[in-house]
Enquirer: 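Dumping the structure here so I can ask a few things about it.
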Amino acid sequence: MNAPARAVVSPLASAATARAALERVAANLALAVQGKEKELRLAVTCVAAGGHLLLEDVPGVGKTTLVEALARSFGLSLSRVQFTADLMPTDILGAQVFHSATGTFSFRPGPIFRQLVLADELNRAPPRTQSALLEAMAQGQVSLDGTTHPLPRPFTVVATQNPVDFSGTYPLPDSQLDRFLMRLSLGHPAPEVEARLLTQQRDTTSAVEVLEAVSTPEELAGLRAQVAAQRLDTAVAEYVVHLAQATRAHGDIERGASTRAVLALGMAARAHALWDARDFVTPGDVRAVLGPCLAHRLLLRSATQGAYTRDEALHLVEEVARKVPAPR
């Protein structure tokens, strides 16, 4: 059975309207995750672009808080899946349940059937379970027993992994990594921010628990339509391609950016242009999202694991950006 046709969503009234929505959500997120304005803007950019987000960082820096704040700010339904070694694909996707009284089966949806899905410690699950997310992330649907089940819209996956402790984990396959529009790290807050958090703490109620919605799923769908309608001229498109080609030709990179990465970079740049209320993309927009969009997709010749590889990949992307001339 094929999935039913999706309703056509109209863009927001203008790029200025879109910018107002982005700023409203980012300001709301900052109430729960303090001192990380740049990272919050990138996270909102990723979600507005219709992309999936990989949060790679050590425990206790606010990854889960950020995801919960995103869901509350946009008014999205949220589910959290803790990935473990014994997690099965049906624990995520759902399964057919037999009813003995009627002798029939019915589909019981899994936690993937939410608008925002937190895949916590995704690399703790074996590859078979990790791959259960691939169809959902690529096509917004789940196929089981010959039946296709559409997922709620808007749909976004935010996954986390710890870049330090890789004991007992399964590195994410390239096909999985390539489906994340961006990879971000929050890092520890500045000392003055940590001190402020201490003085503000009065009880066990977290800041995210009292966060109110400042947008709606319908507005997010409109934002995504607005992003898709952004103009990306030929010169900027060629700049994006030249950047990708430079990663493929770099001596320290075993495998450069894929064509999917090129498309993702273009979409993220379109979303970034909205922060300036523009309906067209500049090379500056491309540069602003280049590292978060490309670094996690590269296979380095010195491939190891963890934060060192992440930092080295970001360094190589910055090196490529310095060498590839931007159009004027």
Enquirer: Would you say CD of Glu212 has more than 12 non-hydrogen atoms from neighbouring residues, nucleotides or ligands within 6.0 angstrom?
Expert: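 Not more than 12 within 6.0 Å, no.
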
Enquirer: For residues Ser215 and Val25, report the shortest heavy-atom separation together with the two atoms involved.
Expert: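 Closest approach of Ser215 to Val25, heavy atoms only: CB-CG2, 4.0 Å.
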
Enquirer: Work out which heavy atom in Val9 is nearest to a heavy atom in Gly222; give both atom names and the distance.
Expert: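 Of all heavy-atom pairs spanning Val9 and Gly222, the closest is CG1-N, 3.8 Å.
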
Enquirer: From Arg80 CZ over to Asp120 CG, what is the distance, rounded to the nearest 0.5 angstrom?
Expert: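 Between Arg80 CZ and Asp120 CG, I get 4.5 Å after rounding to 0.5 Å.
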
Enquirer: For the backbone of Leu116 and the side chain of Arg114, can you confirm whether one donor and one acceptor N or O come within less than 3.5 Å of each other?
Expert: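 No: the side chain of Arg114 does not pair with the backbone of Leu116.
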
Enquirer: Report yes or no: do Val208 and Val214 belong to one cluster of Ile/Leu/Val/Met/Phe/Trp/Tyr joined by side chain heavy-atom distances under 4.5 Å?
Expert: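 Cluster IDs for Val208 and Val214 differ.
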
Enquirer: Name the one of Gln161, Glu56, Gln176, Gln130 that satisfies side-chain hydrogen bond (donor to acceptor under 3.5 Å, both in side chains) with Asn123?
Expert: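 Exactly one pass, corresponding to Gln161.
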
Enquirer: Can you tell me how far CZ of Arg196 sits from CG of Leu198, rounded to the nearest 0.5 angstrom?
Expert: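 Leu198 atom CG to Arg196 atom CZ measures 11.5 Å (nearest 0.5 Å).
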
Enquirer: Let's go through Tyr239 and Val241 carefully: what are the C-alpha distance in whole Å and the side-chain angles of both, what is the deciding distance for side-chain contact (heavy atoms from CB on, under 4.5 Å) to 0.1 Å, and is it a yes or a no?
Expert: CA-CA 5 Å; Tyr239 178 53; Val241 173; over 6 Å; no

Enquirer: Does NZ or CZ of Arg153 fall inside the cone over Phe155's six-membered ring, less than 6.0 Å from its centre and within 45° of the axis?
Expert: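 No - Arg153 does not lie over the ring of Phe155 by the 6.0 Å and 45° rule.
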
Enquirer: If you compare all heavy atoms of Glu68 against all heavy atoms of Leu78, which two are closest, and at what distance to 0.1 Å?
Expert: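 Result for this residue pair: CG-CD2, 4.0 Å.
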
Enquirer: Does Ser73 use its side chain to pair, donor to acceptor, with the backbone of Ala69 at less than 3.5 Å?
Expert: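 It does hold such a pair.
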
Enquirer: Quick check: is Val281 connected to Leu290 through a chain of hydrophobic side chains (ILVMFWY, heavy atoms under 4.5 Å apart)?
Expert: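 In one cluster with Leu290: Val281, yes.
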
Enquirer: Evaluate side-chain contact (heavy atoms from CB on, under 4.5 Å) for Leu53 paired with Leu181, printing each intermediate quantity in order.
Expert: CA-CA 6 Å; Leu53 177 62; Leu181 185 75; over 6 Å; no

Enquirer: Below 4.5 Å, heavy atoms only, C-beta onward: do Leu223 and Phe74 meet side chain to side chain?
Expert: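 With C-beta onward as the side chain, the pair touches.
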
Enquirer: So Asp276 and Arg19, do their side chains get closer than 4.5 Å, heavy atoms only?
Expert: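 A side-chain contact under 4.5 Å is absent here.
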
Enquirer: Tell me every residue that passes side-chain contact (heavy atoms from CB on, under 4.5 Å) with Ala261, counting only those two or more places apart in sequence or in another chain.
Expert: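 Only Asp178, Ala257, Ser258, Leu294, Arg297 meet the side-chain contact (heavy atoms from CB on, under 4.5 Å) criterion with Ala261.
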
Enquirer: On a heavy-atom basis, which atom in Val61 and which in Leu186 lie closest, and how many Å separate them?
Expert: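 What the structure gives for the nearest pair is O-CD1, 3.7 Å.
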
Enquirer: Using only atom types and a distance under 3.5 Å, with no angle test, would you say the side chain of Thr160 pairs donor to acceptor with the backbone of Glu121?
Expert: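 Yes, Thr160 side chain to Glu121 backbone: donor-acceptor pair under 3.5 Å.
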
Enquirer: Going by the rule side chain to side chain donor-acceptor pair (under 3.5 Å), which residues pair with Arg248 if we only count those two or more places apart in sequence or in a different chain?
Expert: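 Arg248: no side chain to side chain donor-acceptor pair (under 3.5 Å) contacts found.
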
Enquirer: Apply the test side-chain contact (heavy atoms from CB on, under 4.5 Å) to residues Leu54 and Leu184: give CA-CA distance (whole Å), side-chain angles for both, the deciding distance (0.1 Å), then the verdict.
Expert: CA-CA 6 Å; Leu54 176 61; Leu184 297 177; over 6 Å; no

Enquirer: Apply salt bridge (Lys or Arg N to Asp or Glu O under 4.0 Å) to Arg24 and Glu219, showing your working.
Expert: CA-CA 12 Å; Arg24 200 182 329 121; Glu219 186 174 54; 3.1 Å; yes

Enquirer: Tell me, please, whether Trp275 has Arg41 positioned over its six-membered ring: NZ or CZ under 6.0 Å from the ring centre and within 45 degrees of its axis?
Expert: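 Yes, a cation-pi geometry.
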
Enquirer: Do Asp174 and Arg255 pass the salt bridge (Lys or Arg N to Asp or Glu O under 4.0 Å) test, and can you show the C-alpha distance, the side-chain angles, and the key distance before you say yes or no?
Expert: CA-CA 10 Å; Asp174 297 340; Arg255 188 187 57 250; 2.8 Å; yes

Enquirer: Give a yes or no answer on whether the side chain of His52 reaches the backbone of Val158 with a donor-acceptor pair at less than 3.5 Å.
Expert: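 No, because the side chain of His52 does not come within donor-acceptor range (under 3.5 Å) of the backbone of Val158.
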
Enquirer: Closest approach of Thr84 and Pro126, non-hydrogen atoms and distance?
Expert: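 Heavy atoms of Thr84 and Pro126 come nearest at O-CD, 4.0 Å.
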
Enquirer: May I ask you to test the Arg183-Pro292 pair for a side-chain heavy-atom distance under 4.5 Å?
Expert: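 Arg183 does not reach Pro292 side chain to side chain.
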
Enquirer: Side-chain heavy atoms nearer than 4.5 Å, only ILVMFWY residues, links allowed to pass through others: does that put Val67 and Leu211 together?
Expert: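 Different clusters.
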
Enquirer: What is the distance from atom OG1 of Thr129 to atom CG of Asp91, rounded to the nearest 0.5 Å?
Expert: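 Going from OG1 on Thr129 over to CG on Asp91, the span is 7.5 Å.
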
Enquirer: Ring centres under 6.0 Å, that's the criterion: do His99 and Phe105 meet it?
Expert: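 For His99 and Phe105, the ring centres are not under 6.0 Å apart.
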
Enquirer: Side chains of Leu300 and Glu254, heavy atoms from C-beta outward: is any pair under 4.5 Å?
Expert: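 No. Closest side-chain heavy atoms not under 4.5 Å.
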
Enquirer: Where do Phe107 and Phe113 land on the ring-ring contact (aromatic ring centres under 6.0 Å, His included) test, with the steps shown first?
Expert: CA-CA 12 Å; Phe107 178 64; Phe113 285 84; 5.7 Å; yes

Enquirer: If we count only N and O atoms by modelled type, under 3.5 Å, do the side chains of His188 and Glu194 hold a donor and an acceptor together?
Expert: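 No, no side-chain donor-acceptor pair sits under 3.5 Å.
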
Enquirer: Taking side chain as C-beta onward, heavy atoms only, is Leu76 less than 4.5 Å from Leu70?
Expert: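 In short, these two side chains do not touch, never coming nearer than 4.5 Å.
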
Enquirer: How would you list all residue pairs meeting salt bridge (charged side-chain N to carboxylate O under 4.0 Å, His left out) that involve residues 127-149, not counting sequence neighbours?
Expert: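 Not a single pair qualifies under salt bridge (charged side-chain N to carboxylate O under 4.0 Å, His left out).
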
Enquirer: Do you reckon Val47 sits in the same ILVMFWY cluster as Leu31, going by side-chain contacts under 4.5 Å, direct or chained?
Expert: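 No, it is not one cluster - the side chains of Val47 and Leu31 are not joined through contacts under 4.5 Å.
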
Enquirer: Could you give the distance from CE (Met267) to OG1 (Thr45), rounded to the nearest 0.5 Å?
Expert: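 So the gap between those two atoms works out to 13.5 Å.
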
Enquirer: State whether Asp285 and Arg270 are salt-bridged, where the test is any N-O pair (Lys NZ or Arg NE/NH1/NH2 against Asp/Glu carboxylate O) under 4.0 Å.
Expert: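 Here Asp285 does not pair with Arg270 in a salt bridge, since their nearest N and O are not under 4.0 Å apart.
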
Enquirer: Under a single-linkage definition using a 4.5 Å side-chain heavy-atom cutoff for Ile, Leu, Val, Met, Phe, Trp and Tyr, are Leu314 and Val58 assigned to the same hydrophobic cluster?
Expert: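 No, Leu314 does not connect to Val58 through the hydrophobic network.
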
Enquirer: Without swapping roles, check the side chain of His250 against the backbone of Ala246 for a donor-acceptor pair under 3.5 Å.
Expert: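 Absent.
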
Enquirer: Find the distance between CG (Leu232) and CG (Asp279) and round it off to the nearest 0.5 Å.
Expert: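 Those atoms lie 12.0 Å apart.
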
Enquirer: Between Arg301 and Ile253, is there a side-chain heavy-atom distance shorter than 4.5 Å?
Expert: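 No, too far: nothing below the 4.5 Å cut-off.
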
Enquirer: Contact between Met137 and Phe180 at the side-chain level, heavy atoms closer than 4.5 Å - yes or no?
Expert: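 They are in contact (side-chain heavy atoms under 4.5 Å apart), so the answer is yes.
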
Enquirer: Nearest 0.5 Å, what's the CD-CG distance between Gln141 and Leu144?
Expert: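 Spacing of CD (Gln141) from CG (Leu144) equals 11.0 Å.
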
Enquirer: Can you find a heavy atom in the side chain of Leu133 that is under 4.5 Å from one in the side chain of Ile92?
Expert: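 SC-SC contact between Leu133 and Ile92 confirmed.
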
Enquirer: Hey, does the side chain of Arg179 reach the backbone of Ser175 with a donor-acceptor pair shorter than 3.5 angstrom?
Expert: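 Such a contact is found between Arg179 side chain and Ser175 backbone.
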
Enquirer: Do Lys323 and Glu319 meet the salt-bridge criterion of a basic N to acidic O distance under 4.0 Å?
Expert: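 Looking at Lys323 together with Glu319, the answer is yes, because their closest N to O distance falls below 4.0 Å.
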
Enquirer: What is the minimum heavy-atom distance between Pro152 and Gln115, and which atoms define it?
Expert: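 Heavy-atom minimum between the residues: CB-CG, 3.8 Å.
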
